[in-house]
Amino acid sequence: MKSGGLLESASAARPTPHGVAARGVPASEERSPSRGAAPMSTYFIRSRIGKICVAIASASPTEMIQNAEDISRENHFLEFRLDYLPNPVAAIPRIKQFLYERSEVTAIATCRRVATGGKFKGTIAAELEILEKAALAGCHLIDIELQTAEHMKPAQMQRLRSRGAAIIVSYHDFENTKDLDRIFQRIHPFQPEFLKIVSTAKTLSDNVTMMRFLDRRRDEANLIGISMGEQGTISRVLGLRAGSVFTFASAHAGEETGPGQIDARTLRETWRIDQIDASTRVYGVAGNPVRHSLSPLIHNMAFRRETVNAVFLPLQTARMNDLLTLTREVPLHGLAITMPFKSEIIRHLEKTDALSEKIGACNTVVRALDGKLYGFNTDVAAIVRPLERRLPLPGARILVLGAGGAGRAAAFGLAEKGAEVFICNRTPETAKKLARQAKAKFIRRDQLAKSSFDVIINATPVGMRSMKPASPLEPKEINARLVFDLVYNPIDTPLLRMAREKGLPVVTGVEMFVHQGARQFEIWTSKPAPEEEMLRVVVHALRQDAAAGRA
Ligand code: NAP
C-alpha cells in the first residue's frame, strides 16, 4: 500500500502505452465506412474529456438532442444511451449533425442489451450495427459489454474498430463488488482503449475494494471503475483519485442510468469533484439511515467557503466493522456519528472527552496528528448554548421529553449548568435510569398537565417529516416559557405550532443542527465555522424539501 493510504494517491492522467500509435482524428471529420479509420488514440480522447461523462437517457431522438444541447453548455463529455430509445437508428443522423455542430463535445455511444443490464431488446448483431453507425456518425467512443465482446468474431471486432471510434469494453455487476481482477483479465485481451468495470457496493468496504483495484491496475489500462448503489457514493467521488479516468453522472436528479448515479451539478458543486486531489481530506456522516442527512450539505458548503481542501460524504452502513474498515483504509480524517453508532463508536476510539464519556454518546470523531481517533459530543453544546442565550440556566426548570441519545445530551448538559431537569419518556424505566445518572428527576406523563416549566424540550422523533404529523404533547401539557423542539425536519413542527398558538417563544431544531455542525467543523479544521451560511443552506434545503412534499 502507498504511504498515507491508497486512496490518497495522485490522480494525474497517465495515458497508457496501448492505443498510442493510433493518431487521433478530428471530431468533425466524416468517417467513411469503406475507407476505415484507426481508432482514436487514448491521448487524443483524454486530452478532450473532463472528469465527468454525463449520460443522456431520453425517450425520443428529438428529446435526446435537446438534452444534449442543454447539457453540453456545461459539460463537453456526453454518453448517448441509445438503448433508451425505441428505435436507436433513428437518432443517428441527429447525433451526427449535433457532433458536427458541437465539435467541442466528446461522445460515447452505448446500446446496452437487456441481458447485460441495458434496455435494448435486439440481438448482438443489431447492437453492433447501431454502434457502427454511431461511430461513423462521429461518436468518439463506443461502449460494448464484455459479454458482447466475447460473442464477437475477430472479424466483427476488426470491422468495429475500423470505424474510427475508440472502444470501451465494460462489465456491470448489479449484485456485488467481487472478482474485479478476474474481470479485468477477461477484458484485457480485447485491448480496448478504455476498460470499464462497474460493480455494486453493498457495504462501505466495497468502495475500498473498488478503489484498491483501480490503484493496483491504473498503470495497465485506461480504467473506469465505479461502484453503484446508495453505498457506492464514495467510489463515485473518490474513484478518480484512485485511478479512474473519469466517472459517470446523470444529467439531472431523477434521470439516473445506474443505481446511485449522481447528477453532474451535484458532483461538481456539492462534492467538488474537480478539486479533489491527493491531499483532499475526507470526512463523512456515518449511520443508518443517512440518506436524508443534511450534514453533507452544510459541511461541503463550509469547506468550500472556508477554502478547506476536504470533502464530506454520506457513509450509510449498519455495521460498525464496515465503518471502521473504511475509516482506516481511506483514511477518513473525521466523522459525524449518528444513529445507531453514537454509543458503540466510543470503545473504538483512542479517547473521548469527559462529557461524551459521561453521557455514553459521541457524535464527532477526529483523526489527530498522531493518526489516532478522538471523540467529542457537540450535541450537548448545541442544546445548552441556544438556551443559555435566552435564559439563565442555573435553577431553571426544564422538561426533557425522551431519554435516547439527544435526551441524554440534554439532561447531562443542562444538569451540569445547574438546571433542575425533569425527564419524561414513553418507556418510564429508561427515564428513571437517566434521571438517576444525570442527577435529574423523573416525571410521569400524567403529571405534566399540572406542572409548569421554564423550558420544554422535545428529544423524541415525534413530529419528524418521516412520521405521521403529531405533537409529543397536548396543548394542556404545554405549560412553559419557552419550547425547544430538537426535530429539525420540518422546521415548523406540530409542537412548535402549538406553542406559538399559546403565544410562547420557540427554538427550532435547525438551530441545534447548525450549532452542532458548526462545532464539528471547528474541531476538524480549527477554523471558525461559517455558521450563518450553514443556517442559510439548511433552511433553504428544508424549505425545498417541504415544497416538494418529501419525507
Ligand atoms: P433515540 O436515541 O432513538 O431516542 C428516541 C427517544 O424518543 C427515546 O426516548 C424513545 O422512547 C422516544 N420515542 C421514540 N419514538 C417515540 C414515540 N413515537 N412516542 C414517544 N416517544 C418516542 O433518538 P435520539 O438520537 O435521541 O434523537 C431523537 C430525536 O432528536 C431525533 O429523532 C431527531 O429528530 C432529534 N435530534 C435532533 C438533532 C439536531 O441536531 N437538531 C440532533 C439529534 C437528534 P423509548 O425509550 O420508549 O424508545
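Model, not experiment: these values are computed from the prediction. Counting starts at 1 for both ligands and their atoms, following the listed order.
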- request: For Ala459 and ligand 1, answer yes if some heavy atom of the residue is under 4.0 Å from a ligand atom, otherwise no.
  value: yes

- request: With Leu401 as reference, evaluate Ile457, Ile456, Val462, Ile423 under the side-chain contact (heavy atoms from CB on, under 4.5 Å) test and give the passing residue.
  value: Ile456

- prompt: Are any of the N/O atoms in Lys342 less than 3.5 Å from those in ligand 1?
  reply: no

task: Report the member of Gly404, Ser466, Pro461 with the shortest heavy-atom distance to atom 7 (O) of ligand 1.
output: Pro461

- prompt: If you measure from each non-hydrogen atom of Thr427 to ligand 1, which part falls under 4.0 Å: side chain, backbone, both or neither?
  reply: both

- request: Test the Lys119-Tyr84 pair against the cation-pi criterion, namely NZ or CZ under 6.0 angstrom from the six-membered ring centroid and within 45° of the ring axis.
  value: yes

- request: With heavy atoms under 4.0 Å as the rule, classify the contact between Tyr488 and ligand 1 as side chain, backbone, both or neither.
  value: side chain

query: salt bridge (Lys or Arg N to Asp or Glu O under 4.0 Å) between Lys351 and Glu357: does it pass, once the steps are laid out?
result: CA-CA 9 Å; Lys351 202 168 175 352; Glu357 201 83 52; over 6 Å; no

query: With distance as the sole criterion, is a donor-acceptor pair present between the side chains of Asp353 and Asn377 under 3.5 Å?
result: no

- prompt: Hey, looking at atom 8 (C) of ligand 1, which of Leu434, Thr460, Asn425 has the closest heavy atom?
  reply: Asn425

task: State which residue, out of Asn176, Asp173, Thr177, fulfils the side chain to side chain donor-acceptor pair (under 3.5 Å) condition with Ser199.
output: Thr177

- request: Please indicate whether any nitrogen or oxygen in Met464 is less than 3.5 Å from any nitrogen or oxygen in ligand 1.
  value: no

task: Check Arg408 against ligand 1 and report side chain, backbone, both or neither, counting heavy atoms closer than 4.0 Å.
output: neither

message: Between ligand 1 and Met467, is the shortest N or O to N or O distance under 3.5 Å?
response: no

query: Angle class for the His299/Phe303 ring planes (parallel below 30°, perpendicular above 60°, tilted otherwise)?
result: tilted

- request: Indicate yes or no: does an N/O atom of Val462 lie under 3.5 Å from an N/O atom of ligand 1?
  value: no

